[in-house]
Peer 1: 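Questions regarding the structure given below will be posed in turn.
Numbers here simply count residues along the sequence, with the first being 1. Everything numeric in this text was worked out from a predicted model, so none of it was measured.
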Amino acid sequence: TTYQRESLDDCIHIIQLSIDWTLLFQQLKQANHNLADLNTKQSQLFGEIAHELQSPLAVAIGNIGAADPAIRDSAAGQASLRALARLSSLANNLMLLARSDFGKLKLILQPCDVCQLLQELQVEMRPAADEKNISFNSTCAVGKHIIPVDPDKLKSAFQNILSNAFKYTDKDGEVLMTTNITEKNIEVHFFNSGKHIPPEDMPQLFDRFYRRPVHHQSAERGTGLGLAITKTIVEEHGGTIICQNVQPKGVEFIVKLPR
């Protein structure tokens, strides 16, 4: 009958759809496998490049540092040192990410006062703030924020956030570090009075090699690894990091670390 033929056609159509979906699923599964394999090879390559760069860079920096003062302190000598320092930092960052990808990033945990780290950074990064006449302050009481962390790595993570803040904050702007203690976490807030980040850029903010446009020519272009490394270090500590726009103006990074 007509009804039976239509029912049979419907069954055949459903079977064909099931086959198509199965084939599509298998293709997606293979694509994911290929992507994971590509990511693994990329991490291996980054690690090998970083390892090969570290020793010759250290030697080159040492040689310039030990050179005749007339050469070392010349404009060319100082420019060479800065370039080598950037390359050395890049090599170290690639190595850190590669170790994290393979589960080999080791944290040396010890009781540490987070506010002490913030105060140290306030002193060390003051010149970057002064270059643009940026108000740079911290409201944090030492002695109340002691948790087990790797101080060197966490300090590096905070430094990346602040470097980003100084880059995108206009002259005479503000960068402020504050903290908040909750039942489970210590929150560290990094506010800067820079322009809002477009919503479409937010999901990529912590991606490797992603670089936001810099609207003033004096700013030096980074590698796009700073915030990715910060996220890696924070998550290795069992914490989280988010970024949000603040009304009416400004951007805030919030790091939450377990107590």
Side-chain angles (χ1 to χ4, degrees), residues 78-79 81-94 96-97 114-140 145 151-180 187-199 201-202 204-234 239 241-257:
Q78 290 300 302
L81 279 174
R82 288 194 296 272
L84 288 169
R86 286 196 297 271
L87 282 173
S88 180
S89 176
L90 174 60
N92 291 335
N93 289 340
L94 289 173
L96 184 149
L97 289 172
V114 174
C115 285
Q116 184 66 39
L117 292 183
L118 297 183
Q119 287 191 356
E120 291 174 7
L121 285 168
Q122 194 174 353
V123 173
E124 294 170 11
M125 303 194 73
R126 175 66 60 187
D130 290 344
E131 280 185 12
K132 298 170 69 176
N133 196 33
I134 291 172
S135 171
F136 180 34
N137 295 297
S138 171
T139 59
C140 186
H145 302 74
D152 290 336
K153 289 187 175 64
L154 188 60
K155 188 175 180 179
S156 175
F158 290 168
Q159 188 175 32
N160 287 336
I161 297 174
L162 290 170
S163 295
N164 187 78
F166 292 135
K167 181 185 296 185
Y168 291 99
T169 299
D170 294 332
K171 289 183 178 181
D172 304 316
E174 179 186 15
V175 172
L176 178 65
M177 302 180 290
T178 60
T179 56
N180 181 43
E187 298 179 359
V188 187
H189 297 242
F190 298 86
F191 167 81
N192 73 76
S193 60
K195 295 180 177 63
H196 283 172
I197 299 173
D201 288 349
M202 283 290 192
Q204 310 172 72
L205 204 58
F206 297 99
D207 290 351
R208 297 177 188 183
F209 303 110
Y210 175 73
R211 299 188 295 183
R212 288 169 55 203
V214 180
H215 299 293
H216 39 93
Q217 294 179 350
S218 60
E220 187 176 281
R221 293 282 283 173
T223 61
L225 290 175
L227 292 180
I229 288 170
T230 291
K231 184 172 185 287
T232 295
I233 292 173
V234 169
I241 180 171
I242 63 169
C243 177
Q244 60 188 20
N245 291 322
V246 178
Q247 299 299 333
K249 181 183 179 183
V251 174
E252 184 177 48
F253 287 83
I254 303 174
V255 175
K256 294 183 180 180
L257 298 166

Peer 1: Return the set of residues passing salt bridge (charged side-chain N to carboxylate O under 4.0 Å, His left out) with K231 (not counting sequence neighbours), or none when no residue passes.
Peer 2: E235

Peer 1: At what distance, to the nearest 0.5 angstrom, does CG of D172 lie from CG of N133?
Peer 2: 4.5 Å

Peer 1: Once side-chain hydrogen bond (donor to acceptor under 3.5 Å, both in side chains) is applied, do any residues pair with D130, and if so which ones, sequence neighbours excluded?
Peer 2: none

Peer 1: In Å and rounded to the nearest 0.5 Å, what is the CG to CE distance from N192 to M177?
Peer 2: 12.5 Å

Peer 1: A228: what forms a side-chain contact (heavy atoms from CB on, under 4.5 Å) with it, not counting sequence neighbours?
Peer 2: R208

Peer 1: For D201 and Y210, which heavy atoms make the closest approach, and how far apart are they?
Peer 2: CG-OH, 3.1 Å

Peer 1: Just by distance, do the side chain of K132 and the backbone of T169 share a donor-acceptor pair under 3.5 Å?
Peer 2: yes

Peer 1: How many angstroms lie between atom CD of Q122 and atom CG of L162, to the nearest 0.5 angstrom?
Peer 2: 9.5 Å

Peer 1: Mind checking disulfide (SG to SG under 2.5 Å) for C115 and listing every partner two or more places apart, or none if nothing turns up?
Peer 2: C140

Peer 1: Can V188 and I161 be said to form a side chain to side chain contact (heavy atoms under 4.5 Å, CB included), step by step?
Peer 2: CA-CA 11 Å; V188 187; I161 297 174; over 6 Å; no

Peer 1: Applying side-chain hydrogen bond (donor to acceptor under 3.5 Å, both in side chains), can you list everything that pairs with N160, at least two apart in sequence or on another chain?
Peer 2: T230

Peer 1: Using side-chain contact (heavy atoms from CB on, under 4.5 Å) as the criterion, list what pairs up with P127, not counting sequence neighbours.
Peer 2: none

Peer 1: Got a second to check how far T178's OG1 is from N137's CG, nearest 0.5 Å?
Peer 2: 11.5 Å

Peer 1: Using the side-chain contact (heavy atoms from CB on, under 4.5 Å) criterion, which residues pair with Q159? Sequence neighbours excluded.
Peer 2: L121, M125, S163

Peer 1: On a heavy-atom basis, which atom in F158 and which in L257 lie closest, and how many Å separate them?
Peer 2: CZ-CD1, 4.4 Å

Peer 1: Looking at CD1 of I242 and CD of E187, how far apart are the two atoms once the value is rounded to the nearest 0.5 Å?
Peer 2: 8.5 Å

Peer 1: Nearest 0.5 Å please: distance from the CD atom of Q204 over to the CZ atom of R211.
Peer 2: 13.5 Å

Peer 1: Just to verify, what does T139 make a side-chain hydrogen bond (donor to acceptor under 3.5 Å, both in side chains) with, not counting sequence neighbours?
Peer 2: none

Peer 1: Side chains of R126 and V123: closer than 4.5 Å at any heavy-atom pair?
Peer 2: no

Peer 1: Please name all residues satisfying salt bridge (charged side-chain N to carboxylate O under 4.0 Å, His left out) with E124, sequence neighbours left out, ordered by chain then number.
Peer 2: K155

Peer 1: With sequence neighbours left out, write down each residue that passes side-chain hydrogen bond (donor to acceptor under 3.5 Å, both in side chains) with S193, or none if nothing qualifies.
Peer 2: none

Peer 1: My understanding is that only residues two or more places apart in sequence, or in another chain, count here; which of them pass ring pair (Phe, Tyr, Trp, His ring centres under 6.0 Å) with F191?
Peer 2: none

Peer 1: Between L118 and T179, is any pair of side-chain heavy atoms under 4.5 Å apart?
Peer 2: yes

Peer 1: Please tell me if the side chains of F190 and N164 come closer than 4.5 Å, counting only heavy atoms from C-beta onward.
Peer 2: no

Peer 1: Extract all donor-acceptor atom pairs below 3.5 Å that involve side chains of residues 245-255 and protein atoms in other chains or at least two apart in sequence.
Peer 2:
from, atom 1, to, atom 2, distance (Å)
N245, OD1, I197, N, 2.8
N245, ND2, I197, O, 2.9
E252, OE1, Q244, NE2, 3.1
E252, OE2, H189, ND1, 3.0

